[in-house]
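Structure record follows, encoded as structure tokens.
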Protein chains: 2
Amino acid sequence: MRIKRIGVVLAGCGVYDGAEIHEATLTLYFLDRAGADIVCTAPDILQHHVINHFTGTETSETRNVLVEASRIARGKITDLSKISANDLDGIILPGGFGAAKNLSTLAFSGSSPIINSDLARLLNDLHSEGKPIGAICISPAVVALALKEKGVLLTIGDDKETAASIEATGNRHQESKYSEIVVDSENKIVSTSAYMCAQSIGEAGVGIEKLVQQVLSWS
Amino acid sequence: MRIKRIGVVLAGCGVYDGAEIHEATLTLYFLDRAGADIVCTAPDILQHHVINHFTGTETSETRNVLVEASRIARGKITDLSKISANDLDGIILPGGFGAAKNLSTLAFSGSSPIINSDLARLLNDLHSEGKPIGAICISPAVVALALKEKGVLLTIGDDKETAASIEATGNRHQESKYSEIVVDSENKIVSTSAYMCAQSIGEAGVGIEKLVQQVLSWS
């Protein structure tokens with residue numbers, strides 16, 4: 001059987017300023033168990049900021065998204081600017097505030113959030129080529145920013161403000177529970193709310209496992 | 001059914017200078033799925049050093065073990081010095097170089113490695129009270145340092161030097177594969193090699209899932 005190459009976009013390392021570690025790790029786990037070839041990637045840019053995850057407060061440190069994401073990837077990771085749609089059969093974006101702070105400006109007030117240009121290029125190229133996209137937690141709102149006015153169906157669970165931000169991009173939102181995935185078969189896009197709704201890592205894993213299976217079934 | 005409180009000792013956040021993220025996260029995942037109450041803990045001390053996980057080189061940064069471990073724990077973590085055996089029904093130590101650099105001095109040459117005194121106290125108290133200990137990857141060698149001359153049976157896979165370091169503490173080593181656990185029923189200690197032998201996160205998960213089940217069955 002052909003080995004499927006699935007990109008995993010990491011926005012750093014840690015829920016408050018980077019990639020949500022549990023969501024990212026479980027994505028890798030389910031992909032690997034299914035025999036996929038995992039291509040971790042992250043942008044070579046500075047984090048928006050660094051949060052002390054013990055106190056919850058901002059620090060004066062400076063950290064790089066690619067360097068910190070390498071902790072989750074155990075060093076096996078590629079600069080996002082060097083990845084093209086040809087390198088992948090599909091892609092998955094775990095969540096965490098890094099998706100809304102480093103991969104985009106969604107976390108900050110203002111009417112016109114922007115998305116990292118390399119990520120926007122890659123997601124548009126994959127979508128154009130009919131390759132699947134899986135988005136977890138807050139990341140569906142990032143995918144919506146990339147695929148403006150495409151009318152794709154996404155979920156971030158039941159947070160009204162984030163759902164509105166998706167609909168403001170000319171895409172559609174469907175409410176869901178942590179245990180569910182929302183599937184847009186026409187666009188080959190699947191999403192799940194994970195820690196937007198889940199109360200524990202076990203709950204987050206339920207939707208992530210289904211999402212990984214769906215991405216692989218399309219790729 | 002009584003909820004089992006299982007400690008998870010985190011040595012930072014990242015395979016080369018802290019806790020191995022995949023091993024730690026999968027430990028949390030299997031514990032949570034089984035309904036355990038997870039008590040993450042780490043020492044409030046500086047890391048031995050900080051490794052850039054993209055380049056593999058040491059940086060000039062300074063990071064705190066408890067603060068970085070909080071990334072894996074999503075902020076829900078307790079200073080190791082404040083945890084006593086009474087708080088727990090069992091404990092699990094994931095691996096990563098942090099176990100050998102921050103929780104002990106095993107990574108450094110010299111004939112007399114030492115172990116963090118709070119961790120030594122906690123492991124001895126748990127062992128004295130007949131509460132189970134699970135040790136993953138390199139951590140069995142840390143457990144051996146705590147339980148000197150107890151004759152407990154441990155595995156770190158098949159690395160000759162690390163196995164010898166265990167036997168030098170007056171404990172016993174048994175070779176194993178990534179898919180296996182080594183069980184010392186008399187001492188209620190279980191260990192598995194994970195990334196000491198595993199080539200992927202899926203492989204590492206096989207032994208970790210068995211180890212978690214064994215700890216819970218004893219607790």
Side-chain angles (χ1 to χ4, degrees), chain A residues 12-38 42 44 50-57 59 61-79 96 195 198-206 208-209, chain B residues 12-38 42 44 50-57 59 61-79 96 195 198-206 208-209:
Chain A
C13 179
V15 56
Y16 299 123
D17 58 18
E20 208 297 309
I21 290 173
H22 301 179
E23 292 173 358
T25 300
L26 290 178
T27 298
L28 303 179
Y29 176 63
F30 295 128
L31 281 171
D32 185 60
R33 281 206 321 183
D37 185 9
I38 298 167
D44 184 10
V50 178
I51 299 288
N52 175 318
H53 281 55
F54 186 63
T55 62
T57 55
T59 79
E61 291 169 88
T62 301
R63 297 188 186 183
N64 176 290
V65 175
L66 177 61
V67 169
E68 297 309 314
S70 299
R71 294 178 175 272
I72 296 175
R74 295 168 51 87
K76 193 180 167 199
I77 192 165
T78 304
D79 180 346
Y195 274 118
Q199 298 298 310
S200 73
I201 184 172
E203 288 189 1
V206 175
I208 294 169
E209 185 165 15
Chain B
C13 179
V15 56
Y16 298 124
D17 58 19
E20 207 297 308
I21 290 173
H22 301 181
E23 293 172 357
T25 300
L26 290 178
T27 298
L28 302 180
Y29 176 63
F30 296 128
L31 282 171
D32 185 60
R33 280 206 321 184
D37 184 10
I38 298 167
D44 185 10
V50 178
I51 299 288
N52 176 318
H53 281 56
F54 186 64
T55 62
T57 55
T59 79
E61 291 169 89
T62 301
R63 297 189 185 181
N64 176 290
V65 175
L66 176 60
V67 170
E68 297 310 314
S70 299
R71 294 178 174 272
I72 296 175
R74 295 168 51 88
K76 194 181 167 198
I77 192 165
T78 303
D79 180 346
Y195 274 117
Q199 299 297 309
S200 73
I201 182 171
E203 287 188 1
V206 175
I208 294 170
E209 186 166 14

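By convention in this document, chain letters (A, B, ...) are assigned in the order of the sequence lines, proteins followed by strands, and residues within each chain are numbered from 1.
- Residue with the most contacts toward chain B among A34(A), C13(A), G205(A): C13(A) (heavy-atom pairs, distance under 4.5 Å).
- Across every non-hydrogen atom of N52(A) and T55(A), the tightest pair is OD1-N, 2.8 Å.
- Annotation for R74(B) and V15(A): closest pair NH1-CG2, 3.6 Å, computed over non-hydrogen atoms.
- Of the atoms belonging to E203(B), it is backbone heavy atoms, and not side-chain ones, that fall under 4.5 Å from chain A.
- You'll find the side chain of I72(B) reaches within 4.5 Å of the side chain of L28(B), heavy atoms only.
- With a 4.5 angstrom heavy-atom cutoff, L31(B) does not touch chain A via any of its atoms.
- The shortest non-hydrogen separation linking I208(A) to F30(A) is CG2-CD1, 3.9 Å.
- Closest approach of I77(B) and A42(B) over heavy atoms only: CD1-CB, 4.0 Å.
- Interface summary for chain B: among A204(A), S200(A), S70(A), the most heavy-atom pairs under 4.5 angstrom belong to S70(A).
- Heavy atoms closer than 4.5 Å to chain A are found in the side chain of D17(B), but not in its backbone.
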